[in-house]
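See structure below.
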Amino acid sequence: MSIQKIIQQATIDCLESLYGKSFTAKDFQINKTKPEFTGDYTIVLFSLLKPLSKSPDALGKELGEALLKSQPEFVSSYNLIKGFLNLVVSDNYWNSILLSKNNDHCFGTGAKKERRVMIEYSSPNTNKPLHLGHLRNNFLGWSIAEIFKANGYDIVKSCIVNDRGIHICKSMIAWKLFANGATPQSTGTKGDHFVGDYYVKFNDAYKAEVERLVHEGCSKEVAEKEAPIMKATQQMLLNWEAGDPETLALWKTMNEWVYEGFNVTYKRIGSDFDKTYYESNTYLLGKEIVHKGLDKQIFFRKEDGSVWIDLTEDGLDEKIVQRKDGTSVYITQDIGLALQKYEEYQMDQSIYVIGDEQNYHMNVLQLICKKLNLPNANGIYHLSYGMVELPTGKMKSREGTVVDADDLLDEMERVAQQKTEELGKVNDFQPEELKELYKTLSSGALKFYLLRVDPKKKMIFNPEESIDFHGYTGPFIQYTYARIQSILRKQSGILTGPVLSSATPLLKLEKELIMALEHYPVVVEQACQELDPSHLANYIYHIAKTYNSFYAEHSVMNAETEEKKQLRLLMCRFTANVIASGMKLMGIKVPERM
RNA sequence: GGUCCCGUAGCUCAGUUGGAUAGAGCAACAGCCUUCUAAGCUGUGGGUCACACGUUCGAAUCGUGUCGGGAUCACCA
């Protein structure tokens with residue numbers, strides 16, 4: 001239990017025994033004491049004054065005394081300033097935390113929950129390579145999964161691949177028309193980029209055809225419909241749906257190319273999945289659900305045969321769930337897939353990591369599932385994240401302003417190498433070690449940069465800022481870790497720990513660091529509850545910052561006394577463990593040297 | 001137009017179940033390497049928390065309104 005919760009409980013107990021009234025944790029606040037005042041934690045008394053009809057001074061004094069008396073091992077003194085009861089936590093407590101937790105690799109992990117959570121993320125299209133937006137999605141999904149694991153949940157990571165539809169056919173048509181049988185192997189191109197290039201070629205050709213038709217006198221609307229290449233694409237989709245062997249064979253081949261490319265990128269960014277769903281297998285799902293919904297009169301049929309649901313009472317619109325030709329639409333497939341996932345895994349919660357442009361869609365999805373009374377309905381949670389924009393505005397594939405994931409990773413690695421070489425601290429590294437280090441630093445910088453922002457908010461990706469290795473960045477934290485390891489390597493033999501004596505109290509910076517470290521489990525829990533890794537990013541940065549201040553002021557190996565040396569060595573190890581653990585929850589590695 | 005989200009330092013962001021004098025990083029300026037990694041540390045300057053009104057002991061945080069920005073309201077996925 002964290003010291004904050006200990007104080008909270010002790011306060012509730014004291015209020016009960018002093019005044020015979022029972023309060024809950026929500027009835028008052030406990031904050032960290034502001035640096036300008038004496039104390040570690042502060043109880044804000046204002047909200048308690050009325051129910052107890054007490055003055056701030058009287059209540060503060062009585063509560064302070066009671067806490068001092070009932071919690072001698074935790075509270076060493078108190079002071080009262082205008083309704084703020086500041087408590088000083090005893091060194092004894094901080095020392096005991098340091099001794100018991102500094103090398104405890106379970107520190108920060110929660111008890112097993114017997115609850116299963118599915119996290120769906122990444123969800124790529126097979127007609128173009130992964131880009132910056134996918135990276136935010138992947139990093140978020142991965143990190144949320146790690147955070148839930150640390151909190152004791154059973155996790156299933158899933159991915160739905162959008163591998164069919166008109167957009168895939170566009171790449172296929174363009175390949176047939178322009179490739180002359182070229183393959184990723186024959187051109188030495190990464191498979192997903194190879195296919196993506198044909199998607200671009202389609203759009204170029206289509207645009208040219210439309211322009212030609214308009215020039216010949218067609219209206220723009222007609223031209224867009226009648227362009228031969230578009231008609232061929234639509235025919236191809238029909239062929240695909242009819243199961244035409246030649247079309248299916250090409251589709252399969254091109255998708256394989258894409259998957260090979262994706263796998264390289266996934267490996268590079270450290271993403272993986274326990275279960276991959278393919279839309280080509282799920283796009284027909286949902287028919288049974290439509291039947292059921294019609295029977296229960298949750299859905300209704302229009303004259304043309306299409307099936308709808310009326311959500312106007314819930315403040316939304318009418319929404320189609322089946323076309324007049326009997327095929328499922330997007331939302332129906334999603335309902336079907338949601339149910340299929342549930343039947344397969346019986347998870348208590350199903351988290352979808354999807355951009356905020358789909359907020360409406362996900363609302364509708366959950367609402368329909370609830371109306372149908374499906375067993376998975378209440379577990380659906382949309383982890384909605386904001387778009388990644390560039391300083392120049394939005395990324396637009398048509399204008400070529402999309403930041404490609406592979407290109408970005410290459411560039412980051414190049415910068416990592418350049419900066420490392422400039423500093424020249426690891427000249428004795430073997431080539432493979434260097435390569436590994438550049439990877440660790442560059443992906444650490446990128447992941448931290450994308451995860452440090454509140455997921456809900458759209459963010460601006462500034463290329464120059466993202467490859468900065470100073471200040472509030474991943475490499476700054478990695479550097480702090482490497483620095484600590486350097487000290488720990490100098491210490492041969494086992495850490496004995498300090499012989500505790502009240503004669504040498506903790507110094508300000510020592511206490512600050514231990515206090516911050518003690519808080520780690522609270523943050524891990526909070527990041528889980530709010531599905532927000534940015535809390536973790538902020539916290540770990542704060543730890544690194546606090547450690548560096550301590551490090552600059554106090555020597556470890558040349559400490560004033562042997563006792564202080566032992567104490568600080570334990571602090572170093574504790575800090576390193578918390579940094580490594582927290583970074584791992586964000587999917588970021590830490591180097592032993594850099 | 002309806003619904004939802006956002007507006008905090010020059011820039012990028014924290015801080016929002018109401019609490020003490022609103023914090024970081026970047027950028028700018030000034031210091032600190034004969035002692036554990038200077039990818040670091042210390043300090044200075046920089047704010048009408050979009051605006052107005054309200055709720056109360058107390059508002060960046062809650063409510064109402066205004067202004068500004070974005071998303072969405074597809075028989076595309």
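Chain identifiers are assigned alphabetically (A, B, ...) following the order of the sequence lines, protein sequences preceding nucleic acid strands; residue numbering begins at 1 within each chain.
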Original post:
If you look at every strand shown and take non-hydrogen atoms under 4.0 Å, does A:Leu316 touch a base, only sugar-phosphate, or nothing?
Top reply: nothing
**OP:** Examine B:C76: is either OP1 or OP2 under 4.0 Å from a nitrogen or oxygen in the side chain of A:Arg323? Give yes or no.
**Re:** yes
Original post:
In whole Å, what separates the C1' atom of B:U16 from that of B:U61?
Top reply: 4 Å
**OP:** Toss me the dot-bracket line for RNA chain B: Watson-Crick and G-U wobble, both under 3.5 Å, 5' to 3', using | for pairs to another strand and [ ] for crossers.
**Re:** (((((((..((((.....[...)))).(((((.......))))).....(((((..]....))))))))))))....
Original post:
At under 4.0 Å between heavy atoms, what does A:Phe476 touch on the DNA or RNA strands: base, sugar-phosphate, or nothing?
Top reply: sugar-phosphate
Original post:
Closer to the 5' end of RNA chain B via nearest nucleotide, is it A:Asp454 or A:Asn548?
Top reply: A:Asp454
**OP:** Taking atom P in both B:C13 and B:G18, compute the distance separating them and give it to the nearest angstrom.
**Re:** 26 Å
Original post:
Taking OP1 and OP2 of B:A77, is either one under 4.0 Å from a side-chain nitrogen or oxygen of A:His167?
Top reply: no
**OP:** State the syn/anti category of B:C33 according to its glycosidic angle, syn meaning within 90° of 0.
**Re:** syn
Subject >> Spacing of the C1' atoms in B:U17 and B:A59 (rounded, Å) >> reply: 14 Å
Subject >> NZ/NE/NH1/NH2 to OD/OE distance under 4.0 Å, A:Lys5 and A:Glu525 >> reply: yes
Subject >> Ion pair A:Lys508/A:Glu512, N-O distance below 4.0 Å >> reply: yes
Original post:
What heavy-atom pair brings A:Thr282 and A:Leu337 nearest, and what distance separates the two atoms?
Top reply: CG2-CD1, 3.8 Å
Subject >> Phosphate contact (B:A20 OP1 or OP2) by A:Lys34 side-chain N/O below 4.0 Å >> reply: yes
Original post:
Contact class for A:His554 (heavy atom, under 4.0 Å): base, sugar-phosphate, or nothing?
Top reply: base
Original post:
Considering only the P atoms, how many Å lie between B:G58 and B:U21, rounded to the nearest integer?
Top reply: 14 Å
Subject >> Sub-6.0 Å ring centroid separation between A:Trp240 and A:Tyr283 >> reply: yes
Original post:
Base, sugar-phosphate, or nothing for A:Lys490, non-hydrogen atoms under 4.0 angstrom?
Top reply: sugar-phosphate
Original post:
Can you tell me if the side-chain N/O atoms of A:Lys457 get under 4.0 Å from OP1 or OP2 in B:U12?
Top reply: no
Original post:
Is A:Tyr479 touching bases, backbone alone, or none of the nucleic acid, heavy atoms closer than 4.0 Å?
Top reply: base
Original post:
A:Asn125 near the nucleic acid: base, sugar-phosphate alone, or nothing, with a heavy-atom cut-off under 4.0 Å?
Top reply: nothing
**OP:** Check whether any side-chain nitrogen or oxygen of A:Ser549 sits under 4.0 Å from OP1 or OP2 of B:U42, and answer yes or no.
**Re:** yes
Subject >> Among B:A20, B:A39, B:G19, the nucleotide that comes nearest once only the side chain of A:Thr33 is considered >> reply: B:A20
**OP:** Would you indicate what A:Ser555 reaches in the nucleic acid, counting non-hydrogen atoms under 4.0 angstrom: base, sugar-phosphate, or nothing?
**Re:** base
Original post:
Which part of the nucleic acid does A:Thr420 contact within heavy-atom distance under 4.0 Å: base, sugar-phosphate only, or nothing?
Top reply: base
Original post:
Do you know the tightest heavy-atom contact between A:Ala544 and A:Thr480?
Top reply: CB-OG1, 3.7 Å
Original post:
Does A:Asp325 get its side chain close enough to the base of B:C75, under 3.5 Å, for a donor-acceptor pair?
Top reply: no
Original post:
Does A:Val44 or A:Glu389 map to a spot on RNA chain B nearer the 5' end, using the closest nucleotide for each?
Top reply: A:Val44
Subject >> Euclidean distance for P, B:U35 against B:G15 (whole angstrom) >> reply: 40 Å
Subject >> Presence of salt bridge, A:Lys439 and A:Glu413, under 4.0 angstrom >> reply: no
Subject >> Atom pair distance, as rounded to whole Å: CD in A:Glu560 and P in B:C36 >> reply: 16 Å
Original post:
Can you tell me how far C1' in B:U72 sits from the matching atom in B:A9, rounded to whole Å?
Top reply: 33 Å
Original post:
Hey, does A:Asp468 reach any base, or is it just sugar-phosphate, or nothing, if we go heavy atoms under 4.0 Å?
Top reply: sugar-phosphate
Subject >> Heavy-atom side-chain contact between A:Leu408 and A:Leu446 under 4.5 Å >> reply: yes
Original post:
Do A:Arg323 and A:Asp325 meet the salt-bridge criterion of a basic N to acidic O distance under 4.0 Å?
Top reply: no
**OP:** Could you check whether A:Tyr283 gets within reach of a base, just the sugar-phosphate, or nothing at all, counting any heavy atom under 4.0 Å?
**Re:** nothing
**OP:** Determine the minimum heavy-atom distance between A:Thr440 and A:Gln478, stating which atoms define it.
**Re:** O-NE2, 3.1 Å
Original post:
Between B:U37, B:A77, B:U12, which nucleotide has the shortest distance from any of its atoms to the side chain of A:Ile460?
Top reply: B:U12
Original post:
Within this structure, what is the NE2-to-P distance between A:His361 and B:A74, rounded to whole angstrom?
Top reply: 13 Å
**OP:** Output yes when at least one side-chain N/O atom of A:Lys545 is less than 4.0 Å from OP1 or OP2 of B:G25, else no.
**Re:** yes
Original post:
Looking across every strand, which nucleic acid part, if any, lies under 4.0 Å from A:Thr42 by heavy atom: base, sugar-phosphate, or nothing?
Top reply: base
Original post:
Only one of A:Tyr547, A:Tyr479, A:Tyr472 forms a ring pair (Phe, Tyr, Trp, His ring centres under 6.0 Å) with A:Tyr541, so which one is it?
Top reply: A:Tyr472
Subject >> B:A38 OP1/OP2 closer than 4.0 Å to side-chain N/O of A:Arg483 >> reply: yes
Subject >> Spacing of A:Gln529 atom CD relative to B:U16 atom P, expressed in whole Å >> reply: 14 Å
Original post:
Looking only at N and O atoms, is any donor in the side chain of A:Lys26 or the base of B:U17 less than 3.5 Å from an acceptor on the other one?
Top reply: no
Original post:
So what does A:Ile320 touch, heavy atoms closer than 4.0 Å: a base, only the sugar-phosphate, or nothing?
Top reply: base
**OP:** Inspect the contact between A:Lys565 and A:Glu560 and indicate whether a charged nitrogen and a carboxylate oxygen are less than 4.0 angstrom apart.
**Re:** no
Original post:
For the side chain of A:Val453, counting heavy atoms from C-beta on, which of B:A77, B:G69, B:C13 is nearest?
Top reply: B:C13
**OP:** Measure from the side chain of A:Lys50, starting at C-beta and using heavy atoms only, and say which of B:G25, B:A14, B:C57 lies closest.
**Re:** B:C57
Original post:
So, is A:Ser486 close to the B:U37 phosphate, meaning a side-chain N or O under 4.0 Å from OP1 or OP2?
Top reply: yes
Subject >> Euclidean distance for P, B:A74 against B:U3 (whole angstrom) >> reply: 16 Å
Original post:
How far does the P atom of B:A24 sit from the matching atom of B:U42, given to the nearest Å?
Top reply: 10 Å
Original post:
Starting at CD of A:Glu530 and ending at P of B:U17, how long is that distance when rounded to a whole Å?
Top reply: 9 Å
Original post:
What is the distance, rounded to the nearest whole Å, between atom CG of A:Asp356 and atom P of B:G70?
Top reply: 14 Å
**OP:** Would you classify A:Asn86 as touching base, sugar-phosphate or nothing, given that sugar-phosphate means primed atoms plus P, OP1 and OP2, and contacts are heavy atoms under 4.0 Å?
**Re:** base
Original post:
For A:Asn558, which contact category applies under a 4.0 Å heavy-atom criterion: base, sugar-phosphate, or nothing?
Top reply: sugar-phosphate
Original post:
Looking at A:Tyr78, A:Tyr41, A:Phe37, A:Phe46, which one forms a ring pair (Phe, Tyr, Trp, His ring centres under 6.0 Å) with A:Phe84?
Top reply: A:Phe46
